[in-house]
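So the structure is just underneath, and the comments pick up after that.
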Amino acid sequence: MALELALRREWDATRLAEVGSALEAIQRVALRTGWSDLSTRAGDLARLALAVESGDDATAVERRLQAGVISLQRKLQTHQEKEEQEEANSRQEEPDLGILASDEESVRDFLQESREHLGALETELLDLERRPGDGELINGLFRRFHTIKGLAGFVGLRDVGSCAHGVEELVRALRDDGLEADAVCIDLLLESTDYLRTAMDELERALNAGEQPHFASPAALLQRIRYRETTPVRRRGDAEREESAETEVTEAASHRSSAITALRVRTDKLDTLIETAGELVIAQTLVRLDPTVERYRTTELSAKLGQLARLTQEVQTTAMSLRLVPLGVQFDRVTRLVRDLARQSGKRMRLEQSGGDVEVDKTIVEGLTDPLLHIVRNAVDHGVETPEERESLGKDPEATIRLTAIQGADRVVVEVQDDGRGIDCDKVRAKAVERGLIRADDELTREEIQDLIFAPGFSTSEHVGDLSGRGVGMDVVHKSLQALRGSVEIESQEGRGSLFRLLIPLTLALVDGLILGVGHMRYVAPLFAVREIFRPTAEMLSKLAGREETVTIRGRLLPIARLHALFGLEPRSRNLTDSLLVVTEGPTGPYCLAVDDFQGKQEVVIKALGGYLPEIPGVAGASILGDGGVGLILDLPGLARQAGIMQNPPRKGERQADRSWPISPVGASQRETETGVE
C-alpha cells in the first residue's frame with residue numbers, strides 16, 4: 001500500500017475509498033492483536049482517506065496519506081520484531097517440553113485425530129475454491145482448525161497450536177468479515193495444512209525415536225496470513241451471518257452425534273486379530289481333515305462342521321475388512337496434485353473421479369501414493385498439451401485426467417487416463433537406442449516399446465525440470481507396484497491420450513499361492529508372479545559357456561535356477577527333464593525356477609518369520625498349509641539375485657538385459673496359462 005501511494009500520481013475518490021477500507025481492516029486486526037497504538041493510527045488514516053467523499057481535495061489527502069502509511073508500516077515492523085523477540089525469549093526461559101509434556105498415548109491420539117482432520121481439510125479447501133461462498137464449508141473448516149489448535153495446546157505443541165490459531169483467524173475472517181476466498185487465500189490455507197502435516201510427520205518420527213520433535217517456525221506463514229486478513233472485505237448481511245451461525249450449530253450437533261459410531265483401534269491390535277482369524281481358519285481345517293473325525297463322521301457332525309466352517313470364514317472376512325479403507329483417500333491427494341501442477345505448468349486441466357468408495361487394504365492404499373504421483377506428473381509434463389496446442393488440434397483447451405477404480409473378485413483396477421498427445425513410440429525407441437537400452441536393429445512391438453518407459457533412468461525430456469526429466473518416476477511406479485504384488489499396463493494412441501492401468505490385490509495379508517514340492521519340503525510361490533509351469537524336453541535345454549543352464553521356450557532363451565541348490569536340499573531327480581520349470585519374474589527379466597512337482601493352489605495367510613530367525617534370502621514369509629504343515633513363501637525376484645542370474649544378451653527381437661519387465665497381473669489368467677511368456 002505504501003509503495004502504491006508513493007508511485008501513483010493520479011488519485012480519485014473511488015481509489016481513496018478502497019484504501020480507507022483497507023486501513024479499517026488493519027484497525028480491526030490490530031485491535032484484536034492488542035496493538036492499540038497501531039489500531040488508533042490506522043483508524044485515523046482510514047478516516048482521512050474516506051474524508052474525500054465529503055469534498056476534500058484528493059491530491060492533498062494523498063500527500064498526507066503517504067507519510068501516514070509509511071509511519072504505520074514502521075510501527076507494524078516494530079511490533080512484529082518485538083513480538084518475535086519476546087517469543088524467542090520465552091522459548092529460552094520456558095523450553096517446549098513437546099512430547100514430554102504428555103503421555104505417549106495422548107500424543108498418539110492427537111496424531112491420529114489431527115491427521116483425520118487434515119485429510120478432510122484438503123478436500124474441503126479444494127471444494128471451497130470451486131464454491132467460495134459456501135457457508136457450510138467455511139464453518140466446517142473453522143471447526144477443524146479450532147479442534148487441531150485445542151488438541152495441540154493439550155499436548156503442549158506451541159508451534160502447531162500457533163499455526164492452527166492463525167489459520168483459524170483467517171477462516172473466521174472468511175466467515176464473519178466477508179473476506180473473499182480467492183486463490184491467494186486458498187493457497188495460504190493449503191500451505192498451512194502442508195505445514196501441519198509436516199509437523200505431524202516430525203512428531204511421529206520423534207515419538208518413535210524417543211527424541212524431542214524439531215518443528216520449523218511458522219512465523220513467516222503467519223505473517224502472510226495476517227497480511228491477508230487486511231485485504232478489503234465485502235460485507236454480507238446480518239441475516240446471512242445468522243444463517244451461517246445457525247448452520248454451524250446444527251452441523252456441530254450432527255458431528256457430535258455421528259462421532260459415537262466410530263471407534264479408534266490401534267493398527268497392531270487389528271494385525272493381531274487378523275492373524276488370529278487366520279489361525280482359526282487353519283485350526284478349523286485341521287479339525288475337519290483329522291482322521292479321527294473322519295472315522296466317526298455322521299450326517300449331524302458334518303452339518304456342524306459345515307456351520308463351523310461358514311462362521312470361521314465369516315470371522316476371517318470381517319477381520320480382513322477392518323483394515324480396508326476407501327481409495328478416495330488417495331484420490332483426494334491427486335485432486336490437490338492436479339491443481340498445483342496446473343498452476344505450475346500453466347496448463348488447464350480438470351480431474352474426473354469415480355470409484356473412490358472402492359476399499360482395499362490400508363497398506364496398499366498408502367503404497368499407491370508414489371505410483372499415482374508419478375503417473376499424474378508424467379501425464380501433465382509429457383501427455384497434456386498447452387491450451388494453445390490443444391486449440392490448434394481442435395481439442396478442448398482444458399485437458400481431462402480421469403481417475404477410476406474398479407473392484408474385481410480378487411483385485412482392484414485403478415486407471416489413470418488423459419486426453420493428451422499420447423506416447424510417441426518413435427521418440428521412445430530413439431531415446432532407448434541412445435541410452436543403450438535396446439539395439440537399433442531390435443524388432444519390438446508397440447507394447448514392448450511403451451514398456452521401455454519403465455526402465456531405470458529412462459526419460460524423453462531434453463532437460464531436467466521440476467516435473468520430470470530425471471528418469472526415476474516411471475521406474476518408481478514399476479518397483480512400487482511390484483512391492484504391492486501388482487502390475488501396470490499401458491494403452492496409448494498418439495494424439496488421443498494414454499491410459500495407465502494399475503492392477504493391485506485387495507490385501508497383502510492373504511495371497512493365492514501355488515504349492516511347489518522340492519525334496520521333502522513344500523514352498524508357496526505367489527500366483528501373481530507365476531506366468532507359466534511346464535516340463536521341459538531335452539531339446540529345449542542348453543548351457544551357455546558350459547555353465548549357465550537355459551531353456552528355450554517359443555524362441556526365447558531363459559536362464560534356470562534350481563531351487564534345491566539354493567536351499568541345500570536333495571531333489572528327487574537332478575535331471576531337468578524330470579522337473580517342472582516355473583516361469584517367473586526376476587530383477588532383470590523372466591527366468592525359470594526348477595522344482596520337483598506342483599501340489600496344488602491354495603489361499604494362504606502370510607506370516608512374518610519373526611525376530612528369532614534372521615532374514616532368509618529368497619524367503620518372503622511363511623504360512624501354515626491346510627494339513628498343518630509349514631510352507632515358506634518364496635521371494636521370486638530375491639531367488640534370482642541369490643542365484644546370480646544375469647539376463648542373457650538378447651537376440652534380434654528380444655528385450656535388452658538391463659531393464660525390468662512389468663510383472664503379470666495378480667492371478668494368472670487363462671490366456672497367460674495357454675500362451676506362456678509373451
Side-chain angles (χ1 to χ4, degrees), residues 263 265-325 359-364 407-412 485 504-518 520-530 595 597-613 616 619-635 666-668:
L263 177 65
V265 181
R266 289 171 54 124
T267 306
D268 56 346
K269 293 182 179 180
L270 286 180
D271 293 339
T272 301
L273 176 61
I274 293 171
E275 185 174 347
T276 304
E279 297 281 1
L280 180 61
V281 172
I282 294 170
Q284 178 269 332
T285 304
L286 292 176
V287 170
R288 181 173 56 85
L289 299 178
D290 188 272
T292 305
V293 174
E294 289 293 328
R295 188 180 308 120
Y296 296 102
R297 182 183 291 271
T298 63
T299 303
E300 185 179 356
L301 178 59
S302 296
K304 292 179 178 178
L305 287 174
Q307 184 180 7
L308 174 63
R310 288 192 297 272
L311 291 175
T312 302
Q313 185 61 45
E314 184 176 347
V315 169
Q316 185 185 35
T317 302
T318 304
M320 296 296 299
S321 68
L322 295 177
R323 280 189 59 91
L324 300 182
V325 296
E359 294 185 330
V360 295
D361 190 280
K362 179 176 182 290
T363 304
I364 294 178
Q407 183 167 351
D410 62 344
R411 65 182 178 181
V412 172
R485 305 204 311 262
I504 55 176
L506 291 173
T507 177
L508 294 179
L510 296 175
V511 63
D512 282 332
L514 303 180
I515 311 302
L516 306 175
V518 178
H520 64 282
M521 293 291 294
R522 288 176 299 175
Y523 298 92
V524 180
L527 180 60
F528 71 88
V530 175
V595 299
D597 60 13
F598 165 62
Q599 300 180 8
K601 173 182 173 293
Q602 180 179 333
E603 184 180 69
V604 298
V605 179
I606 301 175
K607 296 181 177 294
L609 295 178
Y612 295 102
L613 292 175
I616 301 177
V619 176
S623 181
I624 300 177
L625 304 180
D627 59 359
V630 175
L632 295 179
I633 300 173
L634 297 176
D635 172 16
V666 179

Could you give me the CA-CA distance, side-chain angles and deciding distance for Gln284 and Leu311, then say whether side-chain contact (heavy atoms from CB on, under 4.5 Å) is met?
-> CA-CA 10 Å; Gln284 178 269 332; Leu311 291 175; over 6 Å; no
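- Once rounded to the nearest 0.5 Å, the distance linking CD of Gln316 with CD1 of Ile274 reads 9.5 Å.
- For the pair Leu516/Phe598, a side-chain contact is recorded, criterion being any heavy-atom separation below 4.5 Å from C-beta on.
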Please tabulate, one pair per line, all N/O donor-acceptor pairs under 3.5 Å involving side-chain atoms of residues 299-309, not counting sequence neighbours.
residue : atom : partner : partner atom : Å
Glu300  : OE2  : Lys304  : NZ           : 3.4
Ser302  : OG   : Arg297  : NH1          : 3.1
Ser302  : OG   : Thr298  : O            : 3.0

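- When the side-chain contact (heavy atoms from CB on, under 4.5 Å) test is applied to Leu280, the partners found at least two apart in sequence or on another chain are Thr312, Val315.
- For the side-chain contact (heavy atoms from CB on, under 4.5 Å) with Val524, the qualifying choice from Leu625, Leu634, Leu632 is Leu625, the only one to do so.
- Of the inter-residue distances, the one linking Arg522 atom CZ with Asp597 atom CG reads 10.5 Å to the nearest 0.5 angstrom.
- Across Leu324 and Asp361, no two heavy atoms sit closer than the pair CD2-N, 3.4 Å.
- The shortest non-hydrogen separation linking Thr318 to Ser321 is O-OG, 2.6 Å.
- Distance CG/Leu527 to CD/Gln602: 12.5 Å, rounded to 0.5 Å.
- Residues passing the side-chain contact (heavy atoms from CB on, under 4.5 Å) test with Leu273, sequence neighbours excluded: Ala319, Leu322.
- Between Ala525 and Val530, the shortest heavy-atom contact is CB-CG2, 4.1 Å.
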